[in-house]
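Some notes on the structure that comes next.
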Amino acid sequence: MTDRYAVVGNPVAHSLSPRIHALFAAATAQDMRYAKLEAPPDGFAAAVERFLAAGGSGLNVTLPFKLQAWRWVDSHDEAARQSGAVNTIVLEGDRRHGCNTDGIGLVGDLTGNLAWPLLGARTLVLGAGGAVQGVLAPLQRAGVADLTIANRTLAKARRLADRIGAKACALADVDAGWDVVINGTSAGVGGTGQLVAPAVVLNSRCYDMFYALDGGTPFCRWAAAAGAQAVSDGLGMLVEQAAAAFALWRGVQPDTAGIVAALRGGTGRARDLP
Ligand code: ATR
């Protein structure tokens, strides 16, 4: 019987996850389908229960439900426990095991695909919401230096930073001199992309955890214009976190090479801008 998976979120209409998992399934000869499941803001548990009762085999969880998912599952893997957020639900008999593959996805894209060195890299993360929560400990494990969380609401950055022994500051007060700057705020869509003073990103490598199929998110465009050394959107992170979820469900590690280019229309367009 064909196994069924889904991504639950709101909105999910534009999610690329079904395409990514279809590419993985075809490449690894796995008999599975992967759909989008839009739940109302107060309907996460009901939607997920229905999907599993109808025979669903596992789920990805996206915004705004990663924290609710953390509370809903029966157990956590190390990454989920540390981050307080769940993006992958794996069934273990009757138990629902909550995992978080966001950090593997980000660090895998930065170091594996982009070859941006993280060891000793002074690293600034913009934002303190659900998108950021899962990636902080993995960045620390990758050996970044001076990990700092900058957020519009300072108290939220402080809470996250205190949990992992990082630094916190307000977006308006960020210093210059970073090797890597990662945007995890949801501010970008439709905006100018500017979150901090241009001097903050001068000569740094700038990564947007959000993506646009042409690579040109507002934050990436702004950072390139402000003198960043390199910029990348987060499509590679999406593919890498999906591969890690796929491996948890299917026990097979899919090859991610070429998937980003396929999603961008087969152009193979480099993600680093001049
Ligand atoms: P989630 O937890 O679902 O990711 P969230 O908690 O609303 O969503 O987090 C969104 C992030 O984007 C937060 O860091 C938010 O900053 P605040 O904590 O100050 O709200 C940030 N964000 C959203 N819109 C922004 C804007 N216009 N400028 C700067 N930061 C913004």
Side-chain angles (χ1 to χ4, degrees), residues 7-15 17 37-45 47-48 59-73 79-80 82-89 98 100-103 105-106 123-139 147-164 166-175 178 181-201 206-212 217-223 226 233-234 237-238 241:
V7 55
V8 57
N10 189 335
V12 283
H14 299 292
S15 172
S17 292
L37 185 60
E38 182 152 313
D42 59 353
F44 168 77
V48 168
L59 286 143
N60 278 138
V61 182
T62 188
L63 302 179
F65 298 127
K66 292 182 183 188
L67 310 186
Q68 285 183 50
W70 193 90
R71 290 192 291 270
W72 182 82
V73 294
Q82 275 179 345
S83 65
V86 158
N87 82 332
T88 303
I89 297 173
N100 194 315
T101 64
D102 285 337
L106 175 64
T123 298
L124 173 69
V125 176
L126 307 177
V132 163
Q133 224 159 309
V135 304
L136 296 172
L139 285 171
L147 181 61
T148 300
I149 304 162
N151 197 40
R152 183 175 58 181
T153 310
L154 177 58
K156 239 165 112 180
R158 280 236 168 86
R159 262 202 305 279
L160 278 192
D162 286 350
R163 239 164 87 173
I164 56 156
K167 295 176 192 155
C169 73
L171 277 182
D173 299 335
V174 187
D175 299 333
W178 302 95
V181 179
I182 298 167
N183 174 41
T185 75
S186 52
V189 189
T192 62
Q194 168 147 11
L195 291 158
V196 288
V200 172
V201 299
C206 292
Y207 191 90
D208 195 347
M209 286 169 63
F210 294 84
Y211 62 84
T217 66
F219 176 74
C220 286
R221 278 197 297 269
W222 172 79
D233 78 343
M237 172 182 175
L238 181 75
Q241 65 76 30

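We count ligands from 1, going down the list as the structure has it; atoms in each ligand are counted the same way.
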Side-chain donor-acceptor distances from residues 150-162 under 3.5 Å, at least two apart:
{"from": "Asn151", "atom 1": "OD1", "to": "Ala128", "atom 2": "N", "distance (Å)": "3.4"}
{"from": "Asn151", "atom 1": "ND2", "to": "Thr153", "atom 2": "O", "distance (Å)": "3.1"}

Is a donor on one side and an acceptor on the other found under 3.5 Å between the side chain of Trp70 and the backbone of Ala80? yes

**Asked** Judged by atom type as modelled, is there a donor-acceptor pair below 3.5 Å linking the side chain of Asp233 to the main-chain atoms of Thr217?
**Response** no

Those residues at least two apart in sequence (or on a different chain) that pass ring pair (Phe, Tyr, Trp, His ring centres under 6.0 Å) with Phe65 are Phe44

Within the heavy-atom cut-off of under 4.0 Å, ligand 1 is lined by Leu63, Gly127, Ala128, Gly129, Gly130, Ala131, Asn151, Arg152, Thr153, Lys156, Leu171, Thr185, Ser186, Ala187, Leu195

query = Counting N and O atoms only, with roles assigned by atom type, does the side chain of Gln241 sit under 3.5 Å from a partner on the main chain of Thr101, one being a donor and the other an acceptor?
reply = no

Salt bridge (Lys or Arg N to Asp or Glu O under 4.0 Å) filter on Asp208, not counting sequence neighbours, yields none

